[in-house]
Amino acid sequence: MNTARVPPMAFVAGWPIGHSRSPVLHGHWLARYGLVGSYLPLPIAPEDFAEALKILPKIGFVGGNVTLPHKVTAFERVDDRTPRAMRIGAANTLIFDPDRGIIADNTDGYGFIENLRAARPDWRGEAGPAVVLGAGGAARAVVAALQDAGVTDLRLTNRTRAKAEALAEDLGGMITVVDWSEAEAALDGAATVVNTTSMGMAGGPPLSLTLDDMSEGALATDIVYAPLDTPFLQAARARGAQTVDGLGMLLHQARPGFAAWFGHEPEVDADLRAAVLGAAVLGEAR
Ligand code: ATR
């Protein structure tokens, strides 16, 4: 581990990494709080990741974020894991601790719930059934977070049913797997509806569901944030649902890592949103 007194450095490692918005996000916080430190994008190929993980703590890094395709490898290669990372089986945040070694955390579910609560302070998991569309890596964090937030009736539906069944079995609790052909009907009576699929993402497949059965007053949120106002959110709003966009999840998931690396609890506010969105508009980050 690094013992030299150099300003702390953190990273986001991915392959590719050029489009990550995290450097702008953390850079904004560092500047805003007047902290000495840096946050760098590191393009690390999958075959180099294990080696990089050995070197980074020795050359001044205090930790970092990991994104595709390293989230599961990182989880497997560390010395210690937080309970929420254990539950997901993947890491998005690494902390290099001088005593404990490399600790893997997963703050995606935390970011998801904090974003909902920030946008809708009266949101309660207990308010009623939740529907989660999709069963990929992001869905796992969302489902676990919804369970922790008190959702007891969770309807999980995915185009590939077997993946939804595997996720439900892994996470346990009151999860009902609904066939994709019944996804539209499953929206009936749901208090919370989450799109974790890539439908509606820029360059992704179109939204193939109609939301005619979504209740007026339901809370709909999308983890896709490019575009910010997704076809799913537009359709939900047309049904009279309240909507929360997915950018806030990205912003909130970054908070625990920043606090651990740089020693300051950062805030998510309109300035941060504007900085991250502005960078996207300028094409500096996506
Ligand atoms: P992530 O880790 O970000 O969730 P992923 O693992 O690639 O990404 O998952 C993408 C999700 O979008 C999956 O639930 C996927 O469904 P499948 O498991 O059937 O592949 C879903 N998805 C992608 N394209 C879709 C489409 N055209 N219609 C419905 N669901 C789709």
If you define the side chain from C-beta out and look only at heavy atoms, does anything of [X] sit under 4.5 Å from [Y]?
| X | Y | answer |
| --- | --- | --- |
| Phe232 | Val224 | no |
| Arg87 | Gln147 | yes |
| Leu247 | Leu277 | yes |
| Asp79 | Arg100 | no |
| His28 | Asp271 | yes |
| Trp123 | Gln242 | no |
| Arg237 | Asp229 | yes |
| Leu42 | Ile17 | no |

How many angstroms lie between atom [atom1] of [X] and atom [atom2] of [Y], to the nearest 0.5 angstrom?
| X | Y | atom1 | atom2 | value |
| --- | --- | --- | --- | --- |
| Thr230 | Leu233 | OG1 | CG | 3.5 Å |
| Leu209 | Thr197 | CG | OG1 | 7.5 Å |
| Asn158 | Leu167 | CG | CG | 9.0 Å |
| Glu76 | His70 | CD | NE2 | 13.5 Å |
| Ile113 | Met249 | CD1 | CE | 9.5 Å |
| Leu250 | Ser20 | CG | OG | 7.5 Å |

Between [X] (side chain) and [Y] (backbone), is there a donor-acceptor pair under 3.5 Å?
| X | Y | answer |
| --- | --- | --- |
| Arg81 | Phe75 | yes |
| Asp153 | Ala190 | no |
| Thr176 | Arg155 | no |

Check: Got a sec, which pairs hit salt bridge (charged side-chain N to carboxylate O under 4.0 Å, His left out) with one end in residues 209-228, sequence neighbours left out?
Finding: none

Next item on the list: Output every pair passing salt bridge (charged side-chain N to carboxylate O under 4.0 Å, His left out) with a member in residues 110-138, not counting sequence neighbours, ordered by first then second residue.
Entry: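 As it turns out, the salt bridge (charged side-chain N to carboxylate O under 4.0 Å, His left out) pairs with a partner in residues 110-138, which skip direct neighbours, are Glu114-Arg255.
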
Of all the heavy-atom pairs spanning [X] and [Y], show the shortest one and how long it is.
| X | Y | answer |
| --- | --- | --- |
| Ala118 | His252 | CB-NE2, 3.9 Å |
| Ala164 | Val177 | O-CG2, 3.8 Å |
| Leu211 | Ala235 | CD1-CB, 3.6 Å |
| Val6 | Gly60 | CG2-CA, 4.2 Å |
| Pro227 | Ala202 | CD-N, 3.6 Å |
| Ala236 | Ala220 | CB-CB, 3.6 Å |

Checklist line | Stepwise side chain to side chain contact (heavy atoms under 4.5 Å, CB included) check, Gln234 with Leu207 | finding: CA-CA 11 Å; Gln234 289 171 8; Leu207 180 69; over 6 Å; no

Say whether [X] and [Y] are linked into one hydrophobic cluster, either directly or through other cluster members, by side-chain heavy-atom distances under 4.5 angstrom.
| X | Y | answer |
| --- | --- | --- |
| Ile95 | Tyr39 | yes |
| Phe49 | Ile59 | yes |
| Leu116 | Val132 | yes |
| Val151 | Val193 | no |
| Leu25 | Phe262 | yes |

Margin query: Side chains of Asp105 and Thr107 only: does a donor on one sit below 3.5 Å from an acceptor on the other?
Written below: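 No, Thr107 and Asp105 have no side-chain donor paired with an acceptor closer than 3.5 Å.
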
Notebook entry, point to check: Taking it one step at a time, do Asn65 and Trp261 satisfy side chain to side chain contact (heavy atoms under 4.5 Å, CB included)?
Noted result: CA-CA 11 Å; Asn65 291 118; Trp261 307 318; 3.4 Å; yes

Note to self: Does the plane of the ring in Trp29 sit parallel, tilted or perpendicular to the ring in His26? Use 30° and 60° as the thresholds.
What the structure shows: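 Perpendicular.
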
Notebook entry, point to check: Hey, what's the ring geometry for Phe11 with Phe61, parallel, tilted or perpendicular (30° and 60° as the breaks)?
Noted result: perpendicular

Next item on the list: Check the pair Leu133, Trp180 against side chain to side chain contact (heavy atoms under 4.5 Å, CB included), reporting the backbone distance first and the verdict last.
Entry: CA-CA 9 Å; Leu133 308 172; Trp180 188 242; 4.3 Å; yes

Check: By side-chain hydrogen bond (donor to acceptor under 3.5 Å, both in side chains), which residues pair with Glu184, not counting sequence neighbours?
Finding: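 Partners of Glu184 by the side-chain hydrogen bond (donor to acceptor under 3.5 Å, both in side chains) criterion, ordered by chain and then number, come out as Thr210.
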
Check: Does the distance from a Lys or Arg side-chain N to an Asp or Glu carboxylate O, for Arg84 and Asp148, drop under 4.0 Å?
Finding: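 Salt bridge flag = no for Asp148 with Arg84.
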
Next item on the list: Starting from the C-alpha separation in whole Å, work towards a yes-or-no answer on side chain to side chain contact (heavy atoms under 4.5 Å, CB included) for Ile103 and Thr82.
Entry: CA-CA 7 Å; Ile103 303 163; Thr82 64; 4.2 Å; yes

Check: Is the number of heavy atoms from other residues, nucleotides or ligands within 6.0 Å of CZ (Arg273) greater than 12?
Finding: yes

